[in-house]
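Note sheet for the following structure.
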Amino acid sequence: MTVRAAAKVNLVLGVGRVRADGMHPLDTVYQAVSLYDDVRASPSEQWEVAVRSVGDVDCSGVPLDEGNLAVRAGQLLAAHHGLDRAARLDIDKGIPVAGGLAGGSADAAAALVALDRLWQLRTSDEDLLDLAARLGSDVPFALLGGTAHGAGRGELVTPVADTGDHWWVVVPHDVGLSTPAVYGELDRLHPDAPAVPRSSEAVLAALLVGDHAALGAALHNDLEDPAVSLRPELGERLALVRSHHDGPVLLSGSGPTVLGLSPTHEHATATRGALLEAGVPVVHVVTGPVAGAHVVELAG
Ligand code: ATP
């Protein structure tokens, strides 16, 4: 049973002051984009996980034990049904690790769907979303895919109308950034941040009417400044992408991946060519919105 799950980008990421439970309130718009992890689930007496790199993804930071979010997803699903079961999970990783693209969350969502099928559990969508929220703030969106508004700590997802055909230039960095460290830096830089995060209204309005220029003008990420503060060379990377991309550029999630929005595939490909020529080693061109975690039939 193989399930494919997509990376996410945040078109807007507003972050409010840290809550009493240590989480940050978010107002965000997620979009699933065409960079994928495939998770293959097969029967096994004990939990096993193996990770294989697709393309040039460095998988060395991915835990191969119960620290892997896909295994935790499987264990949570089994416990939810009162079952004492295990499985083997083989992950083909096309989503850069610790890149702000929610690859771990994608694997967790894929594992939930794959194991639900493998074990023939027929878990309701509502229960799957509930389990997903317990695994991590980005996991419910990884199940849903498409374009969605995220509230709460990001786990309360509502699909939004998005008729656009968006193209993204995705510039990964070879050294990942820790999401908790970036949130910690945000708290240090802005101890008086408002409790209610910046609204994503402008992005939602632009998506509704399919206004590419308005969408570009409304893109924003509150984690960009703290990520650059922690890793100053990220500022140089952002400036380099801005100098080669005729369009909006922002940090993806907690970084360090940098994104450029393009109106067409050709436009994005031109930026990719210019960045490769400027010496950036890896640049992807992807499109969104794409589907959430779904079963795939693979040849061979
Ligand atoms: P976030 O969802 O917090 O924005 P991210 O996209 O920046 O995360 P991930 O690729 O999800 O980063 O990985 C963050 C960390 O989670 C990794 O450094 C790794 O230690 C751990 N991890 C656990 N399971 C996985 C998994 N299946 N794939 C990738 N990382 C995982």
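We count ligands from 1, going down the list as the structure has it; atoms in each ligand are counted the same way. Count residues from 1 along the sequence. All values reported here derive from a predicted model rather than from experimental measurement.
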Point to revise | Per-residue contact class, L101 against ligand 1 - non-hydrogen pairs under 4.0 Å | key: backbone
Check your understanding: Does any non-hydrogen side-chain atom of V15 lie less than 4.5 Å from one of Y183?
Key -> yes
**Study point:** Within-4.5 Å side-chain heavy-atom neighbours: N221 and N10
**Key:** no
Practice item. If you have a sec, work out which protein heavy atom is nearest atom 27 (N) of ligand 1 and how many Å separate them, to one decimal? Key: D107 OD2, 2.8 Å
Review point. CD of E201: more than 12 outside heavy atoms within 6.0 angstrom?
Key: no
Check your understanding: Any protein heavy atom sitting closer than 4.0 Å to atom 16 (O) of ligand 1?
Key -> no
Exercise for review: Would you mind running through ligand 1 and noting each atom that sits below 4.0 Å from a heavy atom of G103?
Suggested key: 6 (O), 10 (O), 11 (O)
Check your understanding: Which residue from C59, A102, G61 reaches closest to atom 6 (O) of ligand 1 through any of its heavy atoms?
Key -> A102
Review point. Counting both backbone and side chain atoms, is some N or O of L69 under 3.5 Å from an N or O of ligand 1?
Key: yes
**Study point:** Heavy atom of K93, distance to ligand 1 below 4.0 Å
**Key:** yes
Exercise for review: Pull out every atom of ligand 1 sitting under 4.0 Å from any heavy atom of G67, numbered as shown with elements.
Suggested key: 23 (C), 24 (N)
Revision key, fill the gap. Looking only at heavy atoms, the pair that brings A50 and R88 closest together is CB-NH2, 3.5 Å
Check your understanding: Which heavy atom of the protein is the closest neighbour of atom 8 (O) of ligand 1, given with residue, atom name and distance?
Key -> T179 OG1, 3.8 Å
Check your understanding: Given side chains that start at C-beta, do those of M1 and V39 come closer than 4.5 Å, heavy atoms only?
Key -> no
Point to revise | T147 side chain reached by H166 side chain, heavy atoms, under 4.5 Å | key: no
Practice item. Starting from atom 10 (O) of ligand 1, find the nearest protein heavy-atom neighbour and note its residue, name and distance. Key: A98 N, 2.9 Å
Point to revise | For atom 5 (P) of ligand 1, closest protein heavy-atom neighbour | key: G100 N, 3.6 Å
Point to revise | Enumerated ligand 1 atoms positioned under 4.0 Å from heavy atoms of S105 | key: 2 (O)
Review point. So how far is it from D27 CG to S200 OG, rounded to the nearest 0.5 Å?
Key: 3.5 Å
Review point. In Å and rounded to the nearest 0.5 Å, what is the CZ to CG distance from R4 to D92?
Key: 9.0 Å
Review point. From D162 CG over to L208 CG, what is the distance, rounded to the nearest 0.5 angstrom?
Key: 10.0 Å
Point to revise | Residue, atom name and distance, where the atom is the protein heavy atom closest to atom 2 (O) of ligand 1 | key: D138 OD2, 3.2 Å
Review point. Does an N or O anywhere in V97 fall below 3.5 Å from an N or O of ligand 1?
Key: no
**Study point:** Sub-4.5 Å side-chain heavy-atom contact between D65 and V71
**Key:** no
Study note, to complete from the structure: Checking heavy-atom distances from atom 21 (C) of ligand 1 to each of A7, A73, G104, P63, the winner is P63
